[in-house]
Amino acid sequence: MEQLVAQVLTKLKQRERQTYDCVYDRQAAAPDTQVFLDHATVTVANLSIELIARLYRLDTADPWVAWLLQAIDYRVELRLVVNDLSLAFIPRPMLLDWPVIFMTPEFRQVRAVYPHAIARSAVAGLPDRTILVVTPTQRLTAEAHDALSKKQMTLQMRTDEACIWQK
C-alpha cells in the first residue's frame with residue numbers, strides 16, 4: 001500500500017512541474033483530456049474572440065470550449081493567450097471571477113479588480129507588467145498610481161462594465 005501511495009505522490013509532484021502549450025485552431029481537434037492528468041499548467045495561444053465569446057456562454061457544443069471547461073474541472077492552471085487588440089472583447093466577469101489567467105503574447109497578465117477605489121495594496125498584489133482593466137467608475141489612489149508605475153503596469157480603460165460584443 002505504501003508503494004502505491006508513493007507512486008501516486010511521485011506522479012502528482014511530476015504533474016506539478018509539467019506544462020503543456022498548444023495553439024488554438026478552430027479547424028483542429030482539441031487536445032486529449034490526458035493532458036490534464038499529466039500537466040498542472042496548460043497554455044493555449046492564439047485564442048480567438050469567437051472562442052472567448054463561446055467560452056463565456058459555456059457553449060459546450062464547441063469541442064474547444066468543452067476541453068477548456070474540463071481543464072477547470074481538473075484544477076489545471078489555465079493560461080489563455082490573446083493579442084492586445086482582443087482585450088476589449090474579454091468580459092469583465094471572466095477577468096474578475098473565472099479561474100483562468102488571460103495573457104498577452106508577451107506574457108503580460110490581464111487582470112481586473114473589484115473595488116471602486118483601487119488602493120496600493122490591490123496593485124501591489126498583482127504581478128509586474130500586468131495590464132489592469134478598469135472602468136470609468138473606478139479610481140486609483142495616488143499610492144496605487146505610484147505602485148502601478150514601479151511595477152511597469154498598464155491601465156486599460158473600459159467605457160463600461162460590458163465588453164464590446166455584449167453591448
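- Test Leu87, Ile101, Leu132 against Val110 for side chain to side chain contact (heavy atoms under 4.5 Å, CB included) and you get one pass: Leu87.
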N/O donor to acceptor pairs below 3.5 angstrom from side-chain atoms of residues 66-73, sequence neighbours left out:
residue : atom : partner : partner atom : Å
Trp67   : NE1  : Pro31   : O            : 2.9
Trp67   : NE1  : Asp32   : O            : 3.4

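- Heavy atoms only, all atoms of each residue included: Thr135 and Met157 are closest at C-SD, 3.5 Å.
- Within the 4.5 Å cutoff, the side chain of Ile52 has heavy atoms near those of the Met94 side chain.
- The NZ atom of Lys13 sits 6.5 Å away from the OG1 atom of Thr10 when rounded to the nearest 0.5 Å.
- In this structure, Leu96 shares a hydrophobic cluster with Tyr114, the cluster being traced through Ile, Leu, Val, Met, Phe, Trp and Tyr side chains under 4.5 angstrom apart.
- Residues that satisfy the side chain to side chain donor-acceptor pair (under 3.5 Å) test with Thr19, not counting sequence neighbours, are absent from this structure.
- Between atom CE of residue Met153 and atom CG of residue Leu148 there is a gap of 5.5 Å, rounded to the nearest 0.5 Å.
- In terms of the side chain to side chain donor-acceptor pair (under 3.5 Å) criterion, Gln152 has no residue partners (sequence neighbours excluded).
- The 12-atom threshold is exceeded at CD of Gln18, counting heavy atoms of other residues, nucleotides or ligands nearer than 6.0 Å.
- Identified under the ring pair (Phe, Tyr, Trp, His ring centres under 6.0 Å) test for residues 5-33, with sequence neighbours left out: Tyr20-His39, Tyr24-Trp64.
- Thr104 pairs by the side chain to side chain donor-acceptor pair (under 3.5 Å) definition with Glu106, not counting sequence neighbours.
- Between Asp146 and Ser149, the side chains place no donor N or O within less than 3.5 Å of an acceptor N or O (distance only, hydrogens not considered).
- At least one donor-acceptor pair under 3.5 Å links the side chain of Ser48 to the backbone N or O of Leu51.
- Inter-residue side-chain proximity for Arg158 and Val133 is flagged as met; some heavy-atom pair is nearer than 4.5 Å.
- Counting heavy atoms of neighbouring residues, nucleotides and ligands inside a 6.0 Å radius, atom CZ of Arg108 exceeds 12 of them.
- A donor-acceptor pair under 3.5 Å links the side-chain atoms of Arg139 to the main chain of Pro136, judged by distance alone.
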